[in-house]
Every structure is written in C-alpha cells, then in structure tokens.
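Please read the structure below before turning to the comments.
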Amino acid sequence: MEERYDPQKVELKWQKYWAERNIFKTEPDASKKKFYCLEMFPYPSGKIHMGHVRNYAIGDVIARYKRMRGFNVIHPMGWDAFGMPAENAAIKEGIHPAKWTYENIAYMKKQLNRMGLSYDWDREVTTCSPDYYKWNQWFFLKMYEKGLAYRKSSFVNWCPSCMTVLANEQVIDNGCWRCDTAVIKKELEQWFFRITHYAEDLLKACDELKGWPEKVVLMQKNWIGKSEGLEADFKVIGMDERIRIFTTRADTLFGATFICLAPTHPLAEKLVSDKKSLNNIREHYGKEDEKLGLFTERYAANPVNDEKIPIYIANFVLMEYGTGAIMSVPAHDQRDFEFAKKYNLPIRVVVIPEQQPNPPLPPFAKGGRGGITNFGLEAAFEEDGVLVDSGSYSRLKSDAARIEIAEFVEGRGLGKRVINYKLRDWGISRQRYWGTPIPIIYCEKCGLVPVPENELPVILPEDVKFTGTGGSPLADSEKFINTSCPKCNGKARRETDTMDTFVDSSWYFIAYCFGKGKIDFTSGTETSPPFNPPIGKGGQRGGSPALSYWMPVDQYIGGVEHAVLHLLYSRFFTRVIKDLGFINSPEPFANLLTQGMVCKETLKCPEHGWLFPEDVKNEKCVKCGKAVERGRVEKMSKSKKNVIDPDYLINKYGADTSRLFSLFAAPPERDLEWSDQGVDGAYRFLNRIWGIVYKYRRQAPGVRCQKLKPNSSLVTRHSSLLLRKTHQTIKRVTNDMEREYHFNTAIAALMELVNALSSFEPKSEEDRKILKFGIETLLLLLSPFSPHISEELWESLGNKKNILEQRWPLWDENIAKEEEIELVIQINGKVKAKIMIAAGLADEEVRGKALDEPRIQEIIKGKTLKKVFIVKGKLVNIVI
RNA sequence: GCCGGAGUGGCGGAAUUGGUAGACGCAAGGGACUUAAAAUCCCUCGUCCCCAAAGGGCGUGCCGGUUCAAAUCCGGCCUCCGGCACCA
C-alpha cells in the first residue's frame, strides 16, 4: 500500500475493474426487490457541468446505497440527443448535427465514467438514433388512431430567434425557454397531443404523488388549473346567433353590463363591419399592454333577465380559454373594471361584503348600494359576499347564488355548468431539422395519410443543407419530401415538421427497461410467472415482463426547472402507454428529488466585464490589473463565467473528493454554494482516512468483530467507547439516508467517526480488533459517497471481496445506547447545571439527583418548588 | 397581484416529536514540528458585562401571544428566493 493518497491512480484502477467485469449490469430477478434509480439524462452539449456532477453524484449514492441494502438496482443513463444546439453548430461551424452530437456523447460518457458512476451502460439510449425515435413515431401513430394526436390551425407561440413554435409550457416570462427571445403569436397549422384528455386524471392523481415535493405537485396543479363554472348563451339581438361565454361567477350575472369576444372569435368577423379596426385589435391580441376594445354596434340579451347589453371585441380576452368570450362585470372583476372605465361603460354593484358596515365600507360602496354606480368606485370588489339588485336572488350568499342562478340559466336552455382547465393541448410541431420526423404523408387525392407502422422509422435524411435562414432544412430536401401515398400510390409529400424534443424524454425511462437496442412495444410476450402480470385487457398486446418488473421509477432526481414541462409530459405519456397495455402504473416516478442549483459568486472587472475565477489574481483582473468586484452568488452559468469545470476538479482532486464535497456542502434539495476551501476540506478528510488505514493496515488481520460487546472483561473502557461510536455512526448514517437522503449530516457523522478513530490509541489485541472494526465500518459507510478510495482501502486491509458486494452494516441498539446521559437541570427554563447520570433511571431518582446538585441547592434554598418537569433522558426543569 | 418556500455565528450548515441553540466543515487567531515553508497535529472561536476566573445578561429577520419550556406552535409585519400571471 502506498503511503500517499493518489486519487488518479486509485480511481482509474477501480473504474477499469468495474468496467472489465461489467459489474453494474442488472437483469430482472423476481427473487429480489427491485429499485429503479434514475437521474435526468443530459443533453449532449459538449461537456458536463457542475449541475450534472451534483445530480449524478446524488443518484449514484442512492443507487450504491440501495444495492448494499440488497435491492436489485437498475441505474441507467442515456442521451437527450435531439435539439437545437446541434443544429446551430451545424449552421455556425458546418459540422453535421449527427457528428457533433455523437462526438459530444463520446466525450461526456468518458466524463461520467471518470466520476465513477455506477451505470448499466447496456441500457443506454440515444434519442437521435432511428431505433429510438422510431418509437416516437410509433406512439404518434397510436395516438393518432385514438384521436390523441391531431392537427389544427391556431395562434401559436413563435420564437423568432429559434424560428420555431413553442408549447405554452416552454414560454417563460413571455420569452423562449431556451434563448429568452420575446415570443410572438403566429397562426400556423400544427400537430397537437391531446394532453387535455387526461387533465382531470393528471390533476386528481397529484394527490397520490406522496413522494414528490409538495411544491412541484402544487405547480402541476396550478398549471392544470381546474375551475368550475357556467357556460351561458347571450342571444345576439337582431341576428340568429348566440354568444356562449364562460364564467366562474354566475352570482354576478345580474351585474354584467357588456360582453367581450376574443379578436379571433369566429363570430368577430360577422359582428364587426370595420375590418381595419378588427385587425388592429388582433395585432394587440395577447399582449400585456393596455386593454383595447372595439364596439361591434350590436347588442346581446342577458340570459338571466334578457337585458340588452353591448358586445365588444377585446384584446385581453383569450380564444384558447373557456369559450373565447366573456361576460363583463366591472363592479366585480378588476379587468372588466379597467375596461369599463376606459370606454365609459356602466358599472353595477350586485355583491356586497357580508359584514357591514363595521369595519368601514370598501371604496366601491361609496356610490351607494346596487344600481348603476358609475362613479366613486376605485376598484372592483372581487370577493364573495351577499347579492343585491339581483331580482329574486338578492340577499343570497355568493356560493348559494352561483348554484341557483346557474340552475336557472340551465333551466331556460341557455347554458350548462362546466369544468374548465388552463391546461392546453401540447403543440409538438417544430420547424426544425434535428428532431423526430412526424410520420404523416399528404396525398393530393387521399389527403392526410399516416405512414404505415411497418414502414417505420421515417428516417431523418442526412444530406441536407444548413443555411440558418428560412424554415426547416427538411422542407428543402426533395428526396425527403417527395414520396408516394401509402393508400393510392399517387404523388404525395411528407410532413416536414419534426417533434418537440420533450417527446423523446417523455418515455426514455421506459425505454431503459428493455435494454440497449431492444426497445419493442409490438411483440409483448405472454405473462410469465416470475413477473407481475401485465395489465393488457382483452385484445391488447400482452405487455412486457421487463416493464412490469422495473416500472415505476422508485427514485427520480433532477432539476426543479422541469417541474411542469418534462414531468407533466412524462405523466401524460405514461398514461398513454398504460392505456396501450404495457405497464401497470399510470405514474412514472414514485419519488422525486429536485436538487438545488450549484451557485458561485460572480466576479466582474470594470473594464472586461464578467471574469472566470482563473482570470483573477489577488483580487485583480489579470488583463488590466483593475480591482475586481465581487458580485452576488448566482447559479453557475457560462454567461456570467462563475463556473468550475468538472474536468479541472477531477484532475486536481479526483472524483471521490468532487462527489464528497457536492454532497456535504448542502442537503440535496437546497442550492449549493461553491467553495474552493470546502473542496480542500473534503480532500483533507479523505487523506486523513487514507492515513489511518495506512497506519493500521497490518493490525488485526482477518478479523471481523461484529460480536464484540462493550465493557466485557477483555475490552478497555476507551475501546468500548469507540465501539459504541461506531455503532452510533451506523445508526446515524443509515437514518440520514432513509430520511430524505440527508447526505450532509451523514457525512458529518462519518467525520465524527474519523475524529474518534484518529485519536484512538490501541493498547491491547482487543483494542486493535475494535479499531479495525471501526475502520472497516467507516469504509462501508463511505463507499456510496466516495467509492474508489473505499474499494482501495478495503482491499488494503486484506479483504478479498469488493466493497460493492458487501452488505450495508447494521447497528446493535444495545451497543449504540449510551450508559450515561448528560442531564440538563433548568430553573424556570434556564440551564443552571449539567450532570452525568446513568441512563434509564426512574423519574423519582432523576428528580432527587437534580435537587441534590449543590449548584441547584444554592439557588432553590428557602424557595418553594412549584413544579418539576422531567423529560426522560434529557432534562429537568424546576419551577420556583 | 395570486400561490409557495426560506430567513440560525465571519461563512456553508446542524438541531428527527415543543425540551441543552450553533453538530460537522470552512475561515480566522494562537501553539507544536521544521533551517524555512508546505503538509500534519494540538488549542481557542455567537455576543456583551467582568483584569481574570466563577458567574451573569443578550441571542435563531422584526413585534406580540400560547407554554414550566419556542429556531420549532399561533397572530401581525419586514426582507429575499421560486412559480403563475389579463385563465374570466
């Protein structure tokens, strides 16, 4: 054994050892409980970053820990390989996206292996390979058959920079999720997945996501955005038309003083004669600037009292939500209020607060009760209350009135109660090259024809031109576009849009279960006894035993930025796949851990802007020598240059230190602040362990000492303390792992054990045995965090079998238990003394010992004891 | 605006059920070893009063409450972070 710890040597040795034996390969084994540990697969952008290091370190600890706990662990990895950066590289540097992508994958795979991650590479998936995206196409066809994939024209979010469409979820603060460019509305024919078909199910099942952070569940619920309300028809006076509106406030129906249509509402054209004005409004549609309206010069009849009210077109009314038309109740809706003020429309109060008039009346009441109160109001009253000026419904409370008025409107045949969702169908068409071709053919005679299943995959052609201008390169590829119709064999052309890359990542966790190159949803085998029977109902395919064995994912780990996007799409896809009969559970991820961001302080030179850490020497910019400003701690990003390159870190300290630091610096769900000194600390810790093992490597060879008991005649007092500490450490580390994966406190416990080991001086043979037991236990507990050094030192101690194949140690509660406890004695809640007493004494004895304590005697002398509280094993509080 | 989450030493963080606030690490200061430095090891380390010790006061964003006892529970506020945002 070397005296000095050389991480490079140790780590490469064990990585080679693991790879040669393909040690992380797993197969279904019905005799063992499975554990599916999954980290979000990366986009192969070139190199891994610290966010990946953290994400994959967390996942690897869990995988290795569960493996030692006896689970059959599946721990796969792959590549989210379609996407825009590859195409941008092609435009900028002339490299083909495929070449660029596969080269990046090769490099990043090396990096991941260099981190010592325990992946079963026999399950690797690469989404840009035809044997993967074939199944995107297959799912598309299945969904098309079931009406879950459809085409429609609509106003879509368009990113002018990426030159493509974005789904609603992919618009962040009105900008593109990828490049931040302001998104504009554009009318296009698009393919959609009918995710709204599952809206209610996706929402209801949120409550079953017990293993997810509440925050994420809430975000999903809000995104789905269920609301119950009334759809009501307003007849257009003098025309044979009705305008159907949606409202959640049927109780305010008597307060409606006008109605508004979205500019793109089908009736808008009919009602408005001034097309120029209509187009003007359309240009301001969906923009968050001022509210704009256009009077149609037509009127409609309120379904509740046939009152005649004006019809407007308004830019703020969305066609995509509800019916694309609203009734406007300015007294009780702030938006309508602003609109009414601007266009001088009447405002009628029909709901007043329940508690009157003390506390003082809200501003709206200044104008008096009920009636047209088009003055004195400063804001709408949007809360529930009591109805006024609403015919026979006056004096009812809002909640009751909502039901009664809705029933009345329903009774007149002028509406129905409905449920609406904010969730829209998922637009998947992208006008880009580097994605999955949508398997559709347009025939001059037969129209829209799906590509037959046996002709899949529709291969993405390689010989296309990347100009960076205009639309998708596919649209210019004659070879690709021109085809023949599968029905009539006549001239036809292919769809040139490709699929959103979120389609790829919506089922990759299911793909892993098949194994590399073996994805197959068409030849499901019959139920075989060792596995759970697949759910396939009559007529459906049999499903796959591998899928029912491995699914769902037991622990999913990734960034919170996917809280709605990827996670919602995956839940949708998993439902579709379940309904096709391939898996049992509609939920893909039983437990979800959303890890925090990796952050670092930013550095800025007044002249050269953001600086890399290595561009700063002695607080000065290396280029100009000016003093550097220390900025805020922010998420590591290339643009702010506050990054640490994982390659640099691993070359300098090794993978074990890098992993250990990123796990120790903060609990996984919280943001992690980078600290160079912290990394040094982690490195020092591993060096100390190396030193301890080196010092004692030849002591007590071949001994296992699980059965040693403290205070037996052979064991000295100081060694029985070490034995206890060892058992306590097993207990603490195990509990920290089980309790929300709090690795930081688990590592802190290991550090305490190292402190105890390094200050221990063995004097007898028994001491040496206990010391060795302590060291071996330390290595076992450390191995999920820093696996290479643990293997190396384990071997140095003469162990023949891998530490990987060892069982997680168990603690003995009798040994871990303290014999003496420190009793805190408080007087009136303030700590006055601490004494050591035997553990497990009866309350009376504890009380006696506390009162006998001289310091306490001194204070309570001559005072009456009011009460004495005893907390077992901890504290006594004497109230005087 | 609406909905979440957080606020603890110089710093990252700990405190599992209301029961010793500050585990563990980092930084800092002092010491040992060394020709010297690095490395390593040992000691101190919330703050204030006191020469010091002993002891005591204060202290988990702020104000108030419940309790024998509050970082933890309740009410009100402040700040920061995240999500949603014309969704009728």
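Throughout, a chain's letter reflects where its sequence line sits, starting with A, and its residues are numbered from 1.
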Please enumerate all residues that pass ring pair (Phe, Tyr, Trp, His ring centres under 6.0 Å) together with Trp674(A), with sequence neighbours excluded.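 Per chain and number, Trp674(A) pairs via ring pair (Phe, Tyr, Trp, His ring centres under 6.0 Å) with Phe661(A).
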
Under 3.5 Å, which protein N or O atoms sit close to an N or O of nucleotides 41-46 of chain B? Give each pair with its distance.
{"unit_1": "C41(B)", "atom_1": "OP1", "unit_2": "Arg688(A)", "atom_2": "NE", "d": "3.4"}

For residues 214-233 of chain A, pull every pair meeting salt bridge (charged side-chain N to carboxylate O under 4.0 Å, His left out), keeping only residues two or more places apart or in separate chains. Glu200(A)-Lys226(A), Asp207(A)-Lys221(A), Glu231(A)-Arg244(A), Asp233(A)-Arg242(A), Asp233(A)-Arg244(A)

Enumerate the salt bridge (charged side-chain N to carboxylate O under 4.0 Å, His left out) contacts for residues 660-675 of chain A, please, sequence neighbours excluded, ordered by first and then second residue. none

Check side chain to side chain donor-acceptor pair (under 3.5 Å) between Glu813(A) and all other residues, then give those that pass, not counting sequence neighbours. Lys731(A), Trp811(A)

Under 3.5 Å, which protein N or O atoms sit close to an N or O of nucleotides 7-10 of chain B? Give each pair with its distance.
none

Any pair with a residue in residues 832-843 of chain A that passes side chain to side chain donor-acceptor pair (under 3.5 Å), sequence neighbours left out, goes on the list, sorted by first then second residue, please. Asp843(A)-Lys872(A)

Name the stems with RNA chain B in them: runs of three or more consecutive Watson-Crick or G-U pairs, distances under 3.5 Å? B:1-7 with B:78-84, B:10-12 with B:24-26, B:28-32 with B:40-44, B:46-49 with B:55-58, B:61-65 with B:73-77

For Pro613(A), what residues pass the side chain to side chain contact (heavy atoms under 4.5 Å, CB included) criterion, not counting sequence neighbours? Lys600(A)

Please determine if a side-chain N or O atom of Ser227(A) lies less than 4.0 Å away from the OP1 or OP2 oxygen of A88(B). yes

Interface residues of residues 316-323 of chain A with RNA chain B (non-hydrogen, below 4.0 angstrom): Phe316(A), Val317(A), Leu318(A), Tyr321(A)

Scan nucleotides 64-68 of chain B against the protein and return all N/O pairs shorter than 3.5 Å with their distances rounded to 0.1 Å.
{"unit_1": "C68(B)", "atom_1": "O2'", "unit_2": "Asn877(A)", "atom_2": "ND2", "d": "3.4"}
{"unit_1": "C68(B)", "atom_1": "O2", "unit_2": "Asn877(A)", "atom_2": "ND2", "d": "2.6"}

Along nucleotides 54-59 of chain B, 5' to 3', which nucleotides get a B, which get an S, and which get a -, given that the test is a protein heavy-atom distance under 4.0 Å? -SS-S-

